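Because the structure is a prediction, the values reported are computed rather than measured.
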Amino acid sequence: MKYKSIIFDFDGTLADSSNVVNEILGKLTAKYHYTKFNPKELKHRGASSLLKKIQMLWFLAKANKEFKQMYGESISRIRLYDGILQMLQSLSGCSYHFVILSSNSVENIQAFLKMNAIEFSFSILTAKGLFGKHKIIKDYMAKQNCAVSDILYIGDEIRDIRACNKAGVDIAFVKWGMDSDEEIGGLHVKYIAETPSDLLVFLLGNR
């Protein structure tokens with residue numbers, strides 16, 4: 001399989017931002033008088049009660065803009081996962097088109113890439129809220145005139161796997177992010193990477 005475009009998730013895949021995200025959520029849930037939610041609850045809220053799901057959706061609607069602003073103010077405290085920079089540097093001479101797909105803001109992602117001296121360019125696609133990654137992937141394929149076989153998505157969440165299965169594209173699931181302790185179950189995954197070095201070997205073999 002020879003891929004043309006590599007789409008990376010951002011938080012939890014490239015950026016080790018969990019401590020900052022938890023801190024910001026703690027401040028915002030206190031400000032808006034909500035029960036404290038953690039990132040996993042917000043992203044896997046399908047298992048929550050109807051009342052809690054409604055509370056989460058109201059919270060996200062209220063706090064989304066403020067969250068991104070506070071995240072941007074904390075960029076200097078966020079680091080790449082160990083081994084990610086070396087992996088990206090090793091891929092810099094490859095012919096892949098690199099993309100980041102995230103619900104974070106373009107400004108935050110660009111600031112993070114600059115701070116970490118990542119010199120080759122990414123196209124950045126932003127998802128509105130926490131829904132519809134499969135639609136954004138399909139839109140990207142249509143604009144780039146890509147076949148599903150041209151795309152590899154790299155992500156750390158079960159919802160990423162579901163989005164890729166809906167879109168029909170391959171996914172490499174990384175085990176250092178948010179859902180490293182989750183069971184994949186019957187979902188289809190092309191490759192599971194334990195470390196960025198594992199991922200690099202896979203990518204170099206599929207260019």
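A salt bridge does not link Asp198 to Lys175: none of the charged nitrogens lies less than 4.0 Å from a carboxylate oxygen.
Closest approach of Ala167 and Val148 over heavy atoms only: O-CG1, 3.7 Å. The two residues Phe173 and Glu157 come nearest to each other via the heavy atoms CE1-N, 3.7 Å. Considering every non-hydrogen atom in both Asn108 and Lys68, the closest pair reads ND2-O, 3.0 Å. Taking each heavy atom of Ile171 and Val189 in turn, the nearest pair found is O-CG1, 3.6 Å. Thr13 and Trp176 get closest at one heavy-atom pair: O-NE1, 3.0 Å.
Separating the CD atom in Glu182 from the CG atom in Leu187 is a distance of 11.0 Å, to the nearest 0.5 Å.
Note: Tyr191 and Phe202 have parallel aromatic rings, judged against thresholds of 30 and 60 degrees for the angle between ring planes. Ring geometry for Tyr71 versus Phe67: interplanar angle of 30 to 60°, hence tilted.
Between Leu91 and Ile6 the shortest side-chain heavy-atom distance does not fall below 4.5 Å. The closest side-chain heavy-atom distance from His134 to Arg159 is not below 4.5 Å. With contacts defined as side-chain heavy-atom distances shorter than 4.5 Å, the pair Ile84/Asn116 does not qualify. Met70 is listed as a side-chain neighbour of Leu28, based on a closest heavy-atom distance under 4.5 Å. Under the 4.5 Å side-chain criterion, counting only non-hydrogen atoms from C-beta, Val174 is not in contact with Asp9. Residues Asp170 and Tyr3 have side chains in contact (heavy-atom distance under 4.5 Å, counting atoms from C-beta outward).
Residues satisfying the salt bridge (charged side-chain N to carboxylate O under 4.0 Å, His left out) criterion with Asp156, sequence neighbours excluded, are absent altogether. Applying the ring-ring contact (aromatic ring centres under 6.0 Å, His included) rule to Tyr32 yields no partners; only residues at least two apart in sequence or on another chain are considered. For Phe59, the ring-ring contact (aromatic ring centres under 6.0 Å, His included) test picks out Tyr34, Phe37, with sequence neighbours left out. Under the rule for a ring-ring contact (aromatic ring centres under 6.0 Å, His included), the partners of Phe112 that lie at least two apart in sequence or sit in another chain are Phe10. Residues passing the salt bridge (charged side-chain N to carboxylate O under 4.0 Å, His left out) test with Glu73: none are found, sequence neighbours excluded.
The backbone N or O of Ala147 sits less than 3.5 Å from a side-chain atom of Asp150, completing a donor-acceptor pair. Formation of a donor-acceptor pair under 3.5 Å by the Asn22 side chain with backbone atoms of Ser18 is found in this model. The closest donor-acceptor contact from the side chain of Tyr81 to the backbone of Pro196 lies at 3.5 Å or more, if one exists at all.
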Go through Ile192 and Ile184 one step at a time and tell me if the side chain to side chain contact (heavy atoms under 4.5 Å, CB included) criterion holds. CA-CA 10 Å; Ile192 297 176; Ile184 293 172; 3.6 Å; yes
Apply side chain to side chain contact (heavy atoms under 4.5 Å, CB included) to residues Gln144 and Ile151 and explain how you reach the verdict. CA-CA 11 Å; Gln144 297 294 322; Ile151 306 292; over 6 Å; no
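The closest side-chain donor-acceptor pair between Tyr140 and Ser123, if any, does not fall under 3.5 angstrom.
Listed by first and then second residue, the salt bridge (charged side-chain N to carboxylate O under 4.0 Å, His left out) pairs involving residues 16-35 are Glu23-Lys27, Glu23-Arg77, Lys31-Glu66 (not counting sequence neighbours).
A side-chain contact (heavy atoms from CB on, under 4.5 Å) with Ile154 is found for exactly one of Leu203, Ile7, Leu14, Asp160, namely Leu203.
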